[in-house]
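Okay, so here's the structure we're looking at.
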Amino acid sequence: MQKISLVILVTGLVAAGMWGIGDYMNRKGEEHGDVTQGQSIAEQTCLRCHTKFKGDPLPDPTITDAPPLASFGQRWPLENLEEALAEGITVSHDSMTMPEFSFTPESIADLLVYLGELTREANARDKG
């Protein structure tokens with residue numbers, strides 16, 4: 001009876017492992033997150049102070065040093081922002097402190113995918 005139980009347990013573990021590997025391989029290289037949701041998050045939070053692209057009109061003329069969102073991916077790997085977004089970014093723009101925002105892992109993924117889209121568009125603008 002123990003041998004049968006062990007065989008069933010090992011078979012289950014192997015099947016779960018294969019499922020996990022298969023799921024990983026299916027998603028490998030795929031960006032997680034929803035661009036539309038990310039845009040909505042950016043519009044509700046970030047775009048009160050930041051512009052999308054360099055040269056866009058400032059949403060708040062009293063804040064002049066908030067970098068464009070598209071520049072984030074040009075400056076750093078966007079994955080590096082994941083932890084900062086999860087823990088809360090504490091940055092000041094001009095004489096104002098950036099508000100604290102609370103993001104879920106899903107909303108962070110959405111926002112990062114959107115920032116990636118903005119970065120790609122900014123890079124294409126710079127080339128053309």
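When a residue number appears, it is its place in the shown sequence, counting from 1.
Closest of all the heavy-atom pairs between Phe72 and Pro67 is CE1-CG, 3.6 Å. Taking all atoms of both residues into account, the shortest heavy-atom contact from Cys49 to Ile63 is SG-CD1, 3.3 Å. Minimum interatomic distance between Phe53 and Leu118 (heavy atoms only, all atoms of both residues): CE2-O, 3.4 Å. For the residue pair Gln74 and Asn123, the shortest heavy atom distance occurs at NE2-OD1, 2.8 Å. Across all their heavy atoms, Glu82 and Leu112 have their closest contact at CB-CD1, 4.0 Å.
The structure places CG of Asn80 at 11.0 Å from CG of Leu85, a figure rounded to the nearest 0.5 Å. Rounded to the nearest 0.5 Å, atoms CD (Glu87) and CD (Glu100) are 12.0 Å apart. Here CZ of Arg48 is found 12.0 Å from CD of Glu43. Values are rounded to the nearest 0.5 Å.
The shortest distance between side-chain heavy atoms of Pro68 and Lys54 falls below 4.5 Å.
Judged by distance alone, with hydrogens and angles left aside, the side-chain atoms of Thr45 form a donor-acceptor pair with the main-chain N or O of Ile41 at under 3.5 Å. Asp110 places a side-chain N or O within 3.5 Å of a backbone atom of Asp34 that can act as its donor or acceptor partner. His50 contributes no side-chain N or O that, together with a main-chain N or O of Leu69, makes up a donor-acceptor pair within less than 3.5 Å. When atom types are taken as modelled, the side chain of Thr51 and the backbone of Pro57 share no donor-acceptor pair closer than 3.5 angstrom.
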Full working for side chain to side chain contact (heavy atoms under 4.5 Å, CB included) between Lys52 and Tyr114: CA-CA 11 Å; Lys52 287 184 184 180; Tyr114 177 66; 3.3 Å; yes
